[in-house]
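In what follows, a structure is listed as structure tokens, so that the remarks can point back to it.
Note: hydrogens, waters and symmetry copies are ignored here, and every other heavy atom, side chains too, is used.
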Amino acid sequence: MTDLATYAGQRVPALSHALETAISGTNVSFFGQRETASEREARLKRGEPAPGMVIAAGPRVPPSGAVIAEARRILPDLERALDPLPADRLRAEIDRFLDILNASVARPQEMDALDMRKAALEVALEGTPAIVWTPATLRMAQRRFKFFPSVAELAELLDEVAAPLRDKVAHVRIVSRQEAREPERPRPSDAEREAVAAMMAERRAEVAKREAHEAKIRKHGTYTPPGAQGLTGWALLDALKTDLPNLDGDLLAVTQERIEEMQRRFEGAERFMTSEAQA
């Protein structure tokens, strides 16, 4: 297999380990009849997905935001690596390639036949990525073909050489279209779960205690001792104090709390009035 690290004097962008892992885990599901090998090669050559066949495509594990950003950043450079050679460069590469290959096979072509084969191949390989024209590809051809190959056989070989990069570009394109996943929260430990459960139980107990106290106040907070109807202020306070020995339970507790609150308010009001009078 050809070395896809260099072509036309330039380097193909290198992928990080994280992105390589993401594209190696790409999951594609199909319905209907699968593509033939020739149909797939033609589609990859055009850089197109499989319309009407792919129903789910994407990494099995959603990639991180950093991996998606890398895929989006590097995709244009990878796509440029699939660019074909200009016509004059293509003609020169075909000349060099076929001259050496012709010298490597049994029953080499005559010059006129070889020139015609070069012209036919130039038409057939228009659009072929520049990356295929490497010494490694030539060595593959020398080892594969005992006799001079047809145009179709040479085109098939060069599509095979370009296929790994086409696949890589297609999978990086899939990753680049993903949305970044939310970072996963670490699972709490047993001690952390127990601490949270204890905290929630404590809060529930506090709420229950407060609600029970408020219910007692609603029930007993306006209690008036017998014969004290209509009293207010200090007079009502004195009546409540006098009636304490007759009370018990929740009524006693709420009335004691009420007496303490009333006394604080009344004494505070008297202090204020005294300070105003002295001023």
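The shortest side-chain heavy-atom distance between E214 and R210 falls under the 4.5 Å cut-off. Contact check for V161 versus T134: no side-chain heavy atoms found under the 4.5 Å cut-off. Using a 4.5 Å cut-off on side-chain heavy atoms (C-beta onward), Q256 and L244 make contact. A heavy-atom distance below 4.5 Å is not found between the side chains of T128 and P84.
Aromatic ring orientation, F97 versus W133: perpendicular (interplanar angle above 60°, classes split at 30° and 60°).
In terms of modelled atom types and a separation under 3.5 Å, the side chain of Q263 and the main chain of E261 share no donor-acceptor contact.
Within a 6.0 Å sphere centred on CG of D112, other residues, nucleotides and ligands contribute 12 heavy atoms or fewer. Enclosure of atom CD in E267 by more than 12 non-hydrogen atoms of other residues, nucleotides or ligands within 6.0 angstrom is indicated. Within a 6.0 Å sphere centred on CZ of R107, other residues, nucleotides and ligands contribute 12 heavy atoms or fewer. The number of heavy atoms from other shown groups lying within 6.0 Å of CE (M199) is above 12.
With rounding to the nearest 0.5 angstrom, the OG1 atom of T255 is 10.5 Å from the CE atom of M262. Expressed to the nearest 0.5 Å, how far CZ of R144 lies from CD of E153 amounts to 9.5 Å. Considering CD1 of I217 and OG1 of T222, their distance stands at 11.5 Å, rounded to 0.5 Å.
Residues A162 and V132 share a closest heavy-atom pair of CB-CG1, 3.7 Å.
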Practice prompt. Step by step, work out the salt bridge (Lys or Arg N to Asp or Glu O under 4.0 Å) result for R96 and E93.
Written response: CA-CA 5 Å; R96 178 187 63 83; E93 289 293 342; 2.7 Å; yes
